[in-house]
Amino acid sequence: LPISKQIKFTEGGKTYLGSYRKFYDGALTVSSVVQESKAMAAVYQIQKRNIYITTMILCVAILGIYLFSKTLTNPIRRLVEGTNRIREGDFTTEIPSSTRDELGRLTTAFAEMGVGLAEREKIKTAFGKFVNKEVAERVLRDEISLGGEVKQVAIFFSDIRSFTHISEQLKPNEVVEFLNDYMSRMVDCVNRTHGVVDKYIGDAIMAVWGAPFSLGNDTENAVNGALMMRESLAEFNIGRGGPKNPIIKIGCGINYGPVVAGQIGSTERMEYTVIGDAVNLAS
């Protein structure tokens with residue numbers, strides 16, 4: 001039987017592959033020698049090609065993953081930025097939706113939420129112009145319900161002396177302009193002393209300290225508010241005088257006592273106010 005052998009050896013710094021085969025019980029031997037680099041050239045070429053292909057596939061895969069991650073991180077980053085702007089009170093934030101997947105729907109819902117919050121803020125701002133801002137916020141939080149509770153409060157009334165005579169000398173639009181200027185100054189004094197304007201009764205102002213919340217020094221705040229009104233009225237009268245621009249004088253009344261404070265009225269039309277004998281005495 002023929003006997004085959006393969007060997008690997010190094011000579012002169014080069015590696016060779018050798019093989020031989022014996023025939024006829026060793027009477028005939030066939031051998032061959034070849035340099036390893038030449039014998040394995042095709043294998044090395046295939047290895048290099050495979051490495052190049054693998055590298056290219058990895059690069060394409062990494063690029064694809066990077067681009068795909070951008071489709072996730074960019075919308076999320078825009079949502080985070082929009083959330084921060086809304087938290088700071090900017091409800092006009094617009095976030096474009098660039099995809100139709102779950103993130104796209106989330107972005108659309110977020111934009112709709114911003115519009116809803118903007119509308120809510122407009123309602124609260126408009127509502128706050130008709131009632132006290134603190135009362136408006138408590139109503140929106142459902143912290144004030146229909147009915148009332150007994151509170152110790154300071155009640156304030158003021159009105160303009162001889163208002164009927166003054167209004168007869170002015171046109172209707174002049175009366176409104178004059179009253180708005182006067183009321184703005186007086187209401188600012190109430191707000192700065194932590195009071196609540198309960199209502200306007202023609203030229204009269206009714207304000208309350210101690211409802212819906214008390215700071216513990218309601219009578220002091222009420223008196224300070226009245227004194228500030230006197231100072232503000234003195235500034236208001238500077239340069240006034242004459243039938244079309246008369247000097248304004250007011251009367252003020254303050255009383256402290258128990259009242260029923262709450263939203264009085266029906267479920268469709270309510271008004272936060274205080275009622276009781278202490279209110280009548282202040283009036």
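The residues of the chain are indexed from 1 along the displayed sequence. Owing to the predicted nature of the structure, the values given are computational and were not obtained by experimental measurement.
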Less than 4.5 Å apart, any side-chain heavy atom of [X] and any of [Y]?
X: L281; Y: Y256; value: no
X: E149; Y: V260; value: no
X: L233; Y: Y182; value: yes
X: W209; Y: V153; value: no
X: L227; Y: R230; value: yes
X: F178; Y: R240; value: yes
X: M228; Y: T193; value: yes

Problem - Inter-residue atom distance S232.OG - M186.CE, 0.5 Å rounding - result: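 Spacing of OG (S232) from CE (M186) equals 4.0 Å.
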Handout entry: Approximate separation, where rounding is to 0.5 Å, of I247 CD1 and K249 NZ
Key =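 Rounded to the nearest 0.5 Å, the CD1-NZ separation comes out at 7.5 Å.
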Exercise for the section: State whether the number of non-hydrogen atoms from other residues, nucleotides or ligands found under 6.0 Å of E174 atom CD is greater than 12. Expected result: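 Buried by this count: over 12 neighbours within 6.0 Å.
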Problem - Minimal non-hydrogen separation, A261 against K151, with atom names - result: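 Of all heavy-atom pairs spanning A261 and K151, the closest is CB-CD, 4.0 Å.
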Handout entry: Residue list, side chain to side chain contact (heavy atoms under 4.5 Å, CB included) with F157, at least two apart or on another chain
Key =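 Applying side chain to side chain contact (heavy atoms under 4.5 Å, CB included) to F157 gives I155, I201, M206, V279, A282, S283.
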